[in-house]
Q: 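So that we are looking at the same thing, I have put the structure below in structure tokens.
Predicted model, so just to flag it, every value in this text is computed and none were measured. Position 1 is the first residue of the sequence; numbering continues from there.
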Amino acid sequence: MGAGSSAALLLAPWLAQHSVRTTWCITVGATSAATVAFALVPTSPPISLAAAGLFGLAYTAATSVLIIWASLAAANSAAGTSILFISLVLGQALGSTVIGALIETTNFVVAFITAGALCLISALGAATQRTSPVGRQEDIPVP
């Protein structure tokens, strides 16, 4: 996972050249796929290692997309980035609590597939946002 996270640095130029909508959908979709891979093939070391690498890469890249979005959407990019990270940490705390409870009440497969589905829903949600006027490539939040 650490190697995948480190490799996300190589994606920075690509992320900067594409819209937030595009990069969010791709990075969160890859995070979703990696999460589901853990659920479907947990006993395969090569697939588990590949899934861990993809997860680290995609999750770190998705976080970078959020930073790019915050700098575009907030009048004060430092404040926007701070709000972003507070929201991200709160989401991680809530998500890990819910998925942990789901593991205890069902099993790992159901929990990881649910987590992957929730990731995918957030990617699909970005597809419903409108872009800014004047043909700019950056996305703006829907009021």
Side-chain angles (χ1 to χ4, degrees), residues 1-132 135-142:
M1 201 162 117
S5 296
S6 298
L9 176 65
L10 302 173
L11 286 179
W14 184 85
L15 293 173
Q17 293 174 354
H18 294 84
S19 72
V20 169
R21 176 182 298 158
T22 298
T23 55
W24 179 254
C25 289
I26 290 170
T27 58
V28 174
T31 302
S32 173
T35 303
V36 171
F38 283 122
L40 298 180
V41 196
T43 59
S44 171
I47 293 176
S48 293
L49 286 171
L54 177 61
F55 183 88
L57 172 71
Y59 181 81
T60 303
T63 302
S64 298
V65 172
L66 289 175
I67 293 169
I68 293 167
W69 175 75
S71 71
L72 296 171
N76 179 338
S77 62
T81 302
S82 295
I83 291 169
L84 156 82
F85 277 105
I86 291 168
S87 300
L88 188 61
V89 169
L90 289 173
Q92 289 172 335
L94 178 63
S96 61
T97 302
V98 169
I99 298 302
L102 197 54
I103 289 170
E104 290 179 2
T105 58
T106 60
N107 58 49
F108 282 95
V109 173
V110 170
F112 276 60
I113 289 174
T114 300
L118 291 171
C119 283
L120 193 57
I121 288 168
S122 77
L124 297 175
T128 63
Q129 289 192 354
R130 60 187 168 89
T131 56
S132 61
R136 287 181 32 203
Q137 292 297 311
E138 297 85 19
D139 295 303
I140 59 171
V142 176

Q: How far does CG of Leu120 sit from SG of Cys25, to the nearest 0.5 angstrom?
A: 9.0 Å

Q: If you round to the nearest 0.5 Å, how far is OG of Ser87 from CG of Leu94?
A: 12.0 Å

Q: Going by the rule side chain to side chain contact (heavy atoms under 4.5 Å, CB included), which residues pair with Ala37 if we only count those two or more places apart in sequence or in a different chain?
A: Ala51

Q: State, to 0.1 Å, how close Cys119 and Val28 come at their nearest heavy-atom pair, and which atoms those are.
A: O-CG1, 2.9 Å

Q: What heavy-atom pair brings Ile68 and Ser71 nearest, and what distance separates the two atoms?
A: O-OG, 2.7 Å

Q: Can you find a pair of side-chain heavy atoms, one from Thr60 and one from Leu9, that are under 4.5 Å apart?
A: no

Q: What are the two closest non-hydrogen atoms of Leu102 and Val110, and how far apart are they?
A: CD2-O, 4.2 Å

Q: Side chains of Thr27 and Leu15: does their closest heavy-atom pair fall under 4.5 Å?
A: yes

Q: Any pair with a residue in residues 38-66 that passes ring pair (Phe, Tyr, Trp, His ring centres under 6.0 Å), sequence neighbours left out, goes on the list, sorted by first then second residue, please.
A: Phe55-Tyr59

Q: Between Gly116 and Ser32, what is the shortest heavy-atom contact and its length?
A: O-OG, 2.6 Å

Q: Can you tell me how far CG of Leu88 sits from OG1 of Thr81, rounded to the nearest 0.5 angstrom?
A: 11.5 Å

Q: Can any side-chain N or O of Trp14 pair as donor or acceptor with the backbone N or O of Thr23 at less than 3.5 Å?
A: no

Q: Taking all atoms of both residues into account, what is the closest heavy-atom pair of Val41 and Ser48, and its distance?
A: O-OG, 3.7 Å

Q: Quick one, Phe85 and Leu66 - any side-chain contact, counting heavy atoms below 4.5 Å?
A: no

Q: Can you confirm whether Leu57 sits close enough to Leu11 that some side-chain heavy atom of one is under 4.5 Å from a side-chain heavy atom of the other?
A: yes

Q: Taking atom OG1 of Thr35 and atom CZ of Phe112, what is their separation to the nearest 0.5 Å?
A: 7.5 Å

